[in-house]
2 protein chains.
Amino acid sequence: MGLDQGRRSIGARRNPDSADAILDAAEAVLVEAGYSGFSIEAVARRARAGKPTIYRWWPSKAALLFDVYQRLKRVDHPDTGNLEDDLVGFLKSLFSHWRETSSGSTFRSLIAEAQSDATVAAVLAEYTKGRHAHTGQMIERAKARGEVAADIDSTLVADLVASFAWTHLLTNRLDEDETTLRKAVGYLLKGIAADDAGSVGAAAVRRRRRRVIARTTR
Amino acid sequence: MGLDQGRRSIGARRNPDSADAILDAAEAVLVEAGYSGFSIEAVARRARAGKPTIYRWWPSKAALLFDVYQRLKRVDHPDTGNLEDDLVGFLKSLFSHWRETSSGSTFRSLIAEAQSDATVAAVLAEYTKGRHAHTGQMIERAKARGEVAADIDSTLVADLVASFAWTHLLTNRLDEDETTLRKAVGYLLKGIAADDAGSVGAAAVRRRRRRVIARTTR
DNA sequence: CGCACGAAACGGACCGTTTCGTTTCGCCGA
DNA sequence: TCGGCGAAACGAAACGGTCCGTTTCGTGCG
């Protein structure tokens, strides 16, 4: 299910060039004019496309934003064998991706849009649920290694991590330095650590950690 | 400093009835039509007021929202002598206040508005900084009691708690049950606990806790 | 022919501002 | 103390402008 459900799919022969031009233009407008300047008319002007063409394929502004975001999305969910490094790495990757591509503004706009459109809110909720699953897996892996207590609610922990990320995005604090990130993750991690993995053992775990090639999710 | 800085202040004799009617109308419109239906024209119609009257006193939609919010704001920062209860109580109070008054929709709208208006973002940032101070004091009190480790960054912890609250507001999850709240707070708390206040000692602390009349901040 | 396209124009909503004529209120002089 | 005058805030209406989402047109391509 998605925001673009309204698109005609039977017998449609959409012009791919046109669609790309529109997505390119949407991205450009968002970067140059910001969310407040992001209108279908502006995108159409920029893409030298007609408004009906946009409306034919994207039922709403949010659907267009969503496609722009998904075209850009590329975030690491590292697997280093150590949860702290995994989480800090994930957040660093996410923040820099949000900062350095138009993906940050796009996602901010989507969240803002969701505040006035229940449909967008629903799609965004489902989407983030899927995202949380990836983070949850990082925590489950740590649980399997005995790094994290077995009775920990990994969904809730993933939610806490995501909350941290969202708030930093929304309040324009994506430039947070690694020290602060590590401190925040550290507080949380100590709170969910397995009882036999005290602060002494943690150093041992870190020494033991495998360096695994980061997995990149689409 | 505020969003309403533009108001005339010298020799102004604003009609208080009119101002109240406008704030009442703004609140009503927000509740009945939601953020997407919240327009200056709609508020003016509802208040049987002229648009210029609104623009005379509030330079922007956000300034009006901000005044509506501040008129409603009333959240407990409890002091029970136990940080977990303080934080859970604070969150419960905040969530129910957001849920049961128009204050939640108003704050959501403000956050959304901040995504497209840098001025609003700045004011909101300063406002939340002030709010965080209250939460920070709860943590500092716990630090003084020896409940929390001395080297903990209470600002960062307050930030984490606020992130949790914001995200729940923005994703329409203000109905979170106390168990989940307590679990989330618990994870964080164990992470920042003083070393000599292990999970065994925590129960003792809880038994020892003072029940203090909750302080209500404006 | 069928269909997607760009362009143009539609009615409608809201923006922020300007121009009206009216009402309210503070001040000041009688 | 009281009456009146002027300033200021008011509601209503209308302005030009932008954007909405839709409709209509002529064009071009398969």
Side-chain angles (χ1 to χ4, degrees), chain A residues 3-26 28-30 32-65 109 112-113 115-120, chain B residues 3-26 28-30 32-65 67 109 112-113 115-117 119-120:
Chain A
L3 239 28
D4 53 354
Q5 229 180 358
R7 295 194 201 180
R8 298 181 195 168
S9 47
I10 302 169
R13 30 180 178 145
R14 165 153 72 134
N15 183 346
D17 294 347
S18 172
D20 269 344
I22 289 168
L23 287 172
D24 285 344
V29 167
L30 197 58
E32 291 167 17
Y35 178 47
S36 57
F38 184 79
S39 67
I40 299 288
E41 296 218 336
V43 173
R45 273 197 301 272
R46 173 90 189 202
R48 295 181 187 283
K51 281 201 292 171
T53 304
I54 299 183
Y55 279 109
R56 175 153 30 233
W57 301 113
W58 292 276
S60 70
K61 189 154 80 172
L64 184 53
L65 279 172
S109 308
E113 196 72 19
Q115 304 313 309
S116 51
D117 184 335
T119 309
V120 182
Chain B
L3 238 29
D4 53 353
Q5 227 178 359
R7 296 194 198 181
R8 298 180 194 166
S9 46
I10 303 170
R13 28 179 178 143
R14 163 153 74 132
N15 182 347
D17 293 346
S18 171
D20 270 343
I22 289 167
L23 286 172
D24 285 343
V29 167
L30 197 58
E32 290 167 17
Y35 178 47
S36 58
F38 185 80
S39 68
I40 298 288
E41 297 219 335
V43 173
R45 272 196 303 271
R46 173 92 189 201
R48 296 180 186 281
K51 282 201 291 173
T53 304
I54 299 182
Y55 279 109
R56 174 153 29 230
W57 300 114
W58 292 276
S60 70
K61 190 154 76 171
L64 185 52
L65 279 172
D67 271 12
S109 308
E113 196 73 19
Q115 303 313 309
S116 51
D117 184 335
T119 309
V120 182

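Two residues are said to be in side-chain contact when any heavy atoms from C-beta on lie closer than 4.5 Å; A:Trp58 and A:Ile22 meet this criterion. A:Ser60 places none of its side-chain heavy atoms less than 4.5 Å from the side chain of A:Thr119. Side-chain contact between A:Asp117 and B:Ser36 is absent, with no heavy atoms from C-beta onward closer than 4.5 Å. Within the 4.5 Å cutoff, the side chain of B:Leu23 has heavy atoms near those of the B:Leu64 side chain.
Between the OH atom of A:Tyr55 and the P atom of D:dT24 there is a distance of 17 Å, given to the nearest Å. For the pair B:Trp57 CH2 and D:dG11 P, the computed distance is 12 Å after rounding to whole Å. Rounded to whole Å, atom P of D:dG11 lies 16 Å from atom CZ of B:Arg46.
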Could I get a table of every N or O pair under 3.5 Å where one atom is in the protein and the other is in nucleotides 6-10 of chain C?
from  : atom 1 : to      : atom 2 : distance (Å)
C:dG6 : OP2    : A:Thr53 : OG1    : 2.7

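Residues that satisfy the side-chain contact (heavy atoms from CB on, under 4.5 Å) test with A:Ala118, not counting sequence neighbours, are absent from this structure. By the side-chain contact (heavy atoms from CB on, under 4.5 Å) test, A:Arg45 is found to be paired with A:Glu41, A:Ala42, residues two or more places apart in sequence or in another chain being considered.
Neither OP1 nor OP2 of C:dG16 sits under 4.0 Å from any side-chain N or O of B:Trp58.
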